[in-house]
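Quick note on labels: first sequence line is chain A, next is B, and so on, each numbered from 1. Basis for what follows: all heavy atoms, side chains included, without hydrogens, waters or symmetry-related copies.
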Number of protein chains: 2
Amino acid sequence: MAEVQLTPELLAAVAERFKVLSEPTRLQILSTLRDGESTVSKLVDSTGLGQANVSKHLQILHVTGFVTRRREGLYVYYRLAGNEVFELCDIICDRLEEEIRARESLLGGEG
Amino acid sequence: MAEVQLTPELLAAVAERFKVLSEPTRLQILSTLRDGESTVSKLVDSTGLGQANVSKHLQILHVTGFVTRRREGLYVYYRLAGNEVFELCDIICDRLEEEIRARESLLGGEG
DNA sequence: TCACTGATCAGCGATATGGTAATATATCTG
DNA sequence: CAGATATATTACCATATCGCTGATCAGTGA
């Protein structure tokens, strides 16, 4: 009956990926990149974050395969590596919407 | 051209959900629950974690809607609220497999 | 009342995080 | 090479969180 148990290593690897997406700042960056590739400085401008901060987050997103980068002269262009991120977000958002609807039905129960 | 920008609040809410899934321990609990509902004490037994610890994680999973609970006599049975979690994990796992394959192709680059 | 399951709270030590300032690197220009 | 710009990296601080433990409370049933 029991399915294949996930190894601790795989669990940790999956958790690590989720952790990358568990930062609003990174989601914000990814969301911005949805409009198309962007340079670091553009992202700094559009997000209002510091340059080092943006670079660090981009580095994490790059290492974990969520974005790709290409250099062009002085600039480095980052772009989404795929749409999986937003598939993930959509699943989460669907849940959130359900919950919001459910809470509206209850109208004011907090516990 | 620009799509609707996600509000900071929505980003935070989505990030929070990802954060719930960014703990190997919680993924382990969810994975165990995939075999069917379980009581807290069974989970304590099968995971090797402490009772308070398991309860805490279950509480988080419950509040965020990943599991449901029902009381039956002395026992409280937890079960998965849906399969979305594993849809999410599958997407992540697919990525991981790709990366592992890619690294095997390179055979020994570490940086 | 007693026994059992589970929830909650407080506290500990270890680790990881985001942010930022400072500095290093890469690229182009002259 | 020196200067300017864009990006990456490092060092550091403050905070958050984790897992764990012990204690205690709450709910259920005998």
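- Backbone-only contact: B:Ser41 has heavy atoms under 4.0 Å from sugar-phosphate atoms and none from a base.
- Closest-nucleotide positions on DNA chain C for A:Arg71 and A:Glu23 were compared, and the one nearer the 5' end corresponds to A:Glu23.
- Counting atom types as modelled, A:Gln51 pairs no side-chain N or O with a base atom of D:dA6 as donor and acceptor under 3.5 Å.
- Taking atom CD on B:Glu72 and atom C1' on C:dG6, their separation rounds to 15 Å, with Å as the unit.
- Going from atom CZ of A:Arg69 over to atom P of C:dA26 covers 11 Å, rounded to whole Å.
- Nearest to the side chain of A:Asn53, among D:dT28, D:dA6, C:dG19, sits C:dG19.
- Per the geometry, CD belonging to A:Glu16 stands 19 Å off P belonging to D:dT17, to the nearest Å.
- Note: B:Phe18 and A:Phe18 have parallel aromatic rings, judged against thresholds of 30 and 60 degrees for the angle between ring planes.
- The CD1 atom of B:Ile29 sits 14 Å away from the C1' atom of C:dG6 (whole-angstrom rounding).
- Look at CG on B:Leu58: it is 11 Å from P on C:dT8, rounded to the nearest Å.
- A:His62 comes within contact range of no nucleotide atom at all, as no heavy-atom separation falls under 4.0 Å.
- Judged by distance alone, with hydrogens and angles left aside, the side-chain atoms of B:Ser55 form no donor-acceptor pair with the main-chain N or O of B:Ala52 at under 3.5 Å.
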